[in-house]
Amino acid sequence: MLINLEKHPEIIKKNAERCKEKGITLPTFKQMKNPALIPDSVKENLKKAGLWDVNPVNLYRINWHNEPKEAGGLYNDVNFIEIPREITGTKARVLALAGKWFPCGVHKVGATYACLAPALVTGNFDAVEQQAVWPSTGNYCRGGAYNSALLGCKSIAILPEDMSQERFNWLKTVAGEIIATPGCESNVKEIFDKCHELDAERGKHIVIFNQFEQFENYLWHYEITGSAIIEVLEKLGVKAENVKGYASSTGSGGTLAAGDHLKDVYPNIKIGAGEALQCPTLLRNGFGGHRIEGIGDKHVPWIHNVKNTDMILAIDDQDCMNIYRLFNEPAGIEYLKSIGIKDEDIENLQLFGISGIGNMLSAIKMAKYYEMEEDDVVFTILTDSSVMYKSRLLELDEQLGPFNFTEAAKVHAASLLHQGIDNALELTYYERLRVHNLKYYTWVEQQGKTYDELNRQWYDRDYWKSIPRMLDEIDKLIEEFNKIITG
Ligand SMILES: Cc1ncc(COP(=O)(O)O)c(C=O)c1O
């Protein structure tokens, strides 16, 4: 079993008592997928809670259906946008789920919940005695620290020291401990080293929830992100033959797993994995530092189903930073209005964080590569939102000088309309195998995975399919746990 569901009854009892004391029950996957199943009593409490409040009722906001409100919101249709063609420069429609409306403003709060909940309800994590460790290059440790706080357990957030100031400032308000590791975005090896160090020092007092290897992360995105996209496509009445692409960068490879669900439903869809051109690990076995916070970490995550990936899209981080300025600087907004971008689309620009911009660029490259037509759709994900990176605007001003109207026109032309199909690689069978083989160096040589399991990821046809089959069992365990709490 790729997800550990072995039960430890004494710890389950202890965890349930802790939840009872704090008035906590846990949402199931079914409820995250379809919030109509959430009881009215929870909805009454949601009306009184802010989106970012450290209030356990916000566990029931871990889904893509939240009303876009800072406080008191319930549920609506899936939060998504269609990015106007004046911005994408593509014939095809580029659609994107919007992560801003998750509690604490990031979609990774879902994957962290998916890692924590099964461990809690099986007793593989002791919420009273142990600390939850969240190693991350981006929002995963934010979501992890937040969920730990909601559940009243202690947490340790590990992230590289060069991450944005906003992240550190906010983490200080929720995480028990924050550990900054050397380097930037792509220094994941240093994070793994820190985890091993903590393990040696604190042993059974901690549980490390490593997003890069935990299939719960894969499962959450497969089921919840994947289903949200399918719901949008069905509501819009997009014909199956027009569902052409899914583009998502790989940080941990979790978000990419939504593509596996889409391919089960739309077998002709192409799945594109994005990374930073400055750290072209998938594209060229390469390495390097870059500024797309949250993605591309000089290794292939254990939970990336490489055999199902059709294309690699390497995105220049300077394009992302330029577009971030275009979407957020007053001169950029003025320029976009002057070329006829509608007010509601201008309003939506706040939904793009830096990796969301990278994802949009991956979608654009895919649409152009496959020469998609007007009716064709490529889907992507806005993982968080602009509010997470405002300090970067000041840094960019200092480095590059103020952003003006002329600069805005240049960025629009060069980084968006002229985005080409360079650094996009359609994968042959053996190119996929080349990428898969890279896992050996990180996971077998360094991180204790077996050669046999690595081979099963490639050769065993049931390996990846077995993960979604665990959903019912996990939901059953969550329901049983809730029953112990509610009596
Ligand atoms: C800002 C941001 N974008 C993208 C990602 C990548 O998502 P995933 O880890 O699911 O691949 C992350 C991951 O934490 C992130 O923080």
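In listed order, ligands and their atoms are each counted from 1.
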query: Which protein heavy atom lies closest to atom 5 (C) of ligand 1, and at what distance to 0.1 Å?
result: G294 O, 3.2 Å

- request: Could you label the plane-to-plane angle of the W458 and Y429 rings as parallel, tilted or perpendicular, counting under 30° as parallel and over 60° as perpendicular?
  value: perpendicular

query: With a 3.5 Å cut-off and no angle check, do the side chains of S248 and N359 form a donor-acceptor pair?
result: no

- prompt: Which residue and non-hydrogen atom of the protein lie closest to atom 4 (C) of ligand 1, and at what distance in Å?
  reply: S355 OG, 3.4 Å

message: Regarding ligand 1, does G251 bring an N or O atom to under 3.5 Å of one of the ligand's N or O atoms?
response: yes

message: When you compare ligand 1 with R167, is there at least one nitrogen or oxygen pair between them that comes in under 3.5 angstrom?
response: no

query: Do N305 and W464 meet the criterion of a side-chain donor-acceptor pair at a distance under 3.5 Å?
result: yes

- request: Assess the pair Y266 and Y246: is the distance between their ring centroids shorter than 6.0 Å?
  value: no

message: Heavy-atom pairs closer than 4.0 Å: do any link ligand 1 to the side chain of T255, the backbone, both, or neither?
response: both

- request: Could you check atom 16 (O) of ligand 1 against the protein and tell me its nearest heavy-atom contact, residue, atom and distance included?
  value: N139 N, 2.7 Å

task: Measure the distance from atom 14 (O) of ligand 1 to every protein heavy atom, then report the residue, atom name and distance (to 0.1 Å) of the closest one.
output: K108 CG, 3.4 Å

query: To which of G358, G254, G253, S252 does the heavy atom nearest atom 9 (O) of ligand 1 belong?
result: S252

